[in-house]
Amino acid sequence: MPARINSTHFQNKRPVLQLTCVPVLILLLLFAATSYAQIAAHSPGWVVLPVEDYRALHARAFPTDRDPEPPPVEATLTRVDYDIRINGDLASGRATLTVDVLKDGWVRVPVPAGLLVREARLDGKLVSLVTVPGGKAGGQLSALLSHPGRSVLLLDIALPVASSTGEESISLPATASGVTRASVQLPRQGVDIKLVGGLLSQKSESASESKWIAYGRGNEALTFTWRRKTEGHRTTQPLRLRGSLTQLLGLGEDSTSINAEVNFEVTQGAAHEVKIQIPEKVTVNQVLGAMVADWEVKAGLLSVTFLEPVEQRARFVITGETRCPREGPMDIPLLRLLDAERETGGVAVEVLGAGEIKDVKSEGLDSADATDLGEMVANRQSQSLTAFRFRPGAAKLTRSLNVDVARYTPQAVLMANVEEARYQVLISNEGKVLVLARYAVRNNQRNFLKITLPPGATLWSATLAGKAIRPGQSPDGSLLLPLDKARSGEEVPAFPVEVVFLARGAAWNDKGQFKLALPALDLPISRTGLLVYHPPLFKVTAEQGSFRVEAYANPASAALNPPVSFNGATGGFSAGVAAPARAPASATGMAGLAPAPPAPSYVEDGKDELNAKRTQSTAQLVLDKFRANAIAGKRAGILPIRVLFPAFGPSLYLVSELTGENQAPTASLTYQHEKKAGGK
């Protein structure tokens, strides 16, 4: 029925609303806001709405609750209980299916496939079973239920009994139930039962029948297999066995460790225990094995008892210790497996520590390779290991082993070391740093010396024992210098390795701090000497740290003290060449290395700065020349040149000891500009 609205008084803002249906004020306000313009354009009167629009507005104003979602499944099979009795070739009984119906209306509940169903009842009433047409479940029987809730469906079923090679079995089909329980009765006693697809929880026998209760996994078929129980006569037969005993002894300086692995096989009867003959002064600490129940040592016999009689094979491990002489001839204690028709295996002896086996005397043993005695001996990587195999023969064949052990005094073996490092550093007030690094290296193992220069440093030259070399480069950017190696056992001589590089830092102001970074080596350094040349117009002091200030001293290593050839033109000497000894370092000289150029005089105002500028200009020319030669050498593809270090200006000598591997030593310096007479 259409709805009419009176809009006579819309112009004076007092409209009067009249509806022929149920008044809905909220709907009219929403509608009036959206259609005010249309109403104002027409003459006063009634507004007619279609019923569909009115219902749509009503549904928006008063939304109804959502319809409940259907259950994810229509019905579920909660539990299946079987009660079966076996009669000859047929097993019959009852299957109780507990079903929970979740949907209103008719629901199809499938019956476990493979069951021969005689009849089905629900609440005491017969129920018809129908087949599922088509699909994977085509031909499977199903029950139709119409009431939601729990229902119990009773099925009278029958199963065929399969027979094969003296065994009989029945198989219950897999179901999608949460719990599957089966009770099976067999009118026979004295049978062995085997279950597949579940767990046998109860087994009982009476005078006339056997009963089993089992729980299945639900998604697997539950199979019962039984056969007539046979009487076992192995326990009454005489015991016959054969075994293998492998023994490993570690000859230490204080004690000898013993490890033995025993494997035996029973060929007749059943073994309740096994006995091992233990030599005197041997202490058994532990016997480990999956079948071992207990063990006892008494009167030189080790008795190992088992959890149950062993009818086939078993294995266990014996650990013990004894005391043998530290060195010289000694008898090795040997374990033996008693009551065995045939005993195989062997013994291995190794020397722990610095020593070796000089002589061996054996009886009833043959030399063998360590890999022939099994994994326990083959895994040993000792260089002084001797292995023997038991000689075939009678079980009571005499066996003995005597070895002569020689011990050595352990000595420290030098692999590689830097016994002394010397650095000469020339610093300009522009922050440029030229470093000559010399190392006295002893080596009998390493192929390369890894040097990591400070960040941003440029290599100028590298020499080894006075010969120029071209260093390699590692993946991380470090330098690799080839080293000479001495033969093992020879005295390792020291040889010099030197490197010259240029680094750049911050320019010097009137005063401040400067951190001098040195290269890092992959070898330890015993002692270090650092000689720093700085601009003459600055006063430089060293802060406390790994370096300390001392009077200059020549290198202690002979590798860093070859004859010197002084170059008067540059005021320096060849790289890697030390100067002859002289007086301690002065404030303005070359610290006893070589005759220094005259120190600048500060008597007349202004001349000191002029002399300093001339000195810096000369040094800059030398540095530019060295750089040009180095670049030209690289372009020509020749070896790096040997750089002459320009030593001039005031110096400061620092020392330190024991620098670790891959550690970059640093020295912290404090500088201050010295103002002269006249305020200049």
Side-chain angles (χ1 to χ4, degrees), residues 414-427 431-465 467-485 494-506 513-532 542 545-547 555 557 559-560 575-576 623 626-627 630-631 633-634 639-643 645 654-669:
L414 176 66
M415 300 302 179
N417 179 48
V418 178
E419 66 177 16
E420 187 172 7
R422 282 296 180 107
Y423 299 97
Q424 291 176 262
V425 180
L426 178 61
I427 305 176
K432 297 180 180 179
V433 180
L434 180 65
V435 180
L436 166 63
R438 296 181 295 155
Y439 306 101
V441 182
R442 293 183 183 271
N443 175 55
N444 62 1
Q445 184 188 34
R446 302 288 291 273
N447 294 323
F448 294 94
L449 173 64
K450 181 179 178 182
I451 301 178
T452 304
L453 299 180
T458 303
L459 178 67
W460 277 18
S461 68
T463 60
L464 173 65
K467 297 181 181 180
I469 58 174
R470 185 185 301 278
Q473 189 173 14
S474 63
D476 60 355
S478 303
L479 302 179
L480 297 177
L481 277 67
L483 298 178
D484 294 334
K485 291 195 297 183
F495 56 88
V497 175
E498 62 182 37
V499 173
V500 180
F501 63 91
L502 179 67
R504 291 176 174 82
Q513 291 183 345
F514 183 80
K515 180 171 289 188
L516 178 60
L518 300 175
L521 278 65
D522 63 343
L523 292 178
I525 302 175
S526 299
R527 53 185 177 273
T528 303
L530 174 61
L531 185 60
V532 180
S546 58
F547 287 91
S557 176
L560 303 181
L623 295 178
F626 291 156
R627 182 186 303 173
I631 296 175
K634 289 183 179 179
L639 293 174
I641 64 172
R642 191 173 186 182
V643 180
F645 186 83
L654 310 173
V655 296
S656 69
E657 287 84 13
L658 300 178
T659 302
E661 299 179 10
N662 299 316
Q663 291 185 2
T666 58
S668 299
L669 305 177

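Values below: every heavy atom of this structure, side chains too, minus hydrogens, waters and symmetry copies.
- Between N443 and L523, the closest side-chain pair of non-hydrogen atoms is not below 4.5 Å.
- Contact of the L658 side chain with the P524 side chain is not registered, since no non-hydrogen atoms from C-beta on lie closer than 4.5 Å.
- Taking every heavy atom of both residues into account, A468 and T463 meet most closely at CA-CG2, 3.9 Å.
- The shortest non-hydrogen separation linking A664 to L518 is CB-O, 3.7 Å.
- Residues S546 and S656 approach most closely at O-CB, 3.0 Å, considering heavy atoms.
- Going from atom CG of L521 over to atom CD of Q663 covers 11.5 Å, rounded to the nearest 0.5 Å.
- Taking CG of L479 as the reference point, atom CG of L453 lies at 4.5 Å (rounded to 0.5 Å).
- You'll find the side chain of F514 reaches within 4.5 Å of the side chain of V433, heavy atoms only.
- The distance from atom CG of L654 to atom OG of S668, rounded to the nearest 0.5 Å, is 10.5 Å.
- Counting all heavy atoms, side chain and backbone alike, V500 lies closest to L459 at O-CD1, 3.5 Å.
- Between the CD atom in E661 and the CD1 atom in I525 there is a gap of 10.0 Å [rounded to 0.5 Å].
- Annotation for L502 and R504: closest pair CD2-NH2, 4.1 Å, computed over non-hydrogen atoms.
- Proximity of D522 to L449: side-chain heavy atoms (C-beta onward) are separated by under 4.5 Å at one or more points.
- In this structure the side chain of K432 never reaches within 4.5 angstrom of the side chain of L434, judged on heavy atoms.
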Test log, rule side chain to side chain contact (heavy atoms under 4.5 Å, CB included), inputs V418 and T659: CA-CA 10 Å; V418 178; T659 302; over 6 Å; no
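- S526 and E419 form no side-chain donor-acceptor contact under 3.5 Å, judged by distance and modelled atom types alone.
- Taking CD from E420 and CZ from R442, the interatomic distance works out to 11.0 Å, rounded to the nearest 0.5 Å.
- A search for side chain to side chain contact (heavy atoms under 4.5 Å, CB included) contacts involving L480 returns F448, K450, S474, not counting sequence neighbours.
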- request: For the pair F547 and V532, evaluate side chain to side chain contact (heavy atoms under 4.5 Å, CB included) and give the outcome as yes or no after the intermediate values.
  value: CA-CA 12 Å; F547 287 91; V532 180; over 6 Å; no
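- The aromatic ring centres of Y439 and Y423 sit less than 6.0 Å apart.
- The shortest side-chain heavy-atom distance between I469 and L481 falls under the 4.5 Å cut-off.
- Considering only heavy atoms from C-beta on, V499 stays 4.5 Å or farther from P519 through its side chain.
- Residues satisfying the ring pair (Phe, Tyr, Trp, His ring centres under 6.0 Å) criterion with F501, sequence neighbours excluded, are absent altogether.
- Residues R438 and Q424 are in side-chain contact: their nearest non-hydrogen atoms beyond the backbone lie under 4.5 Å apart.
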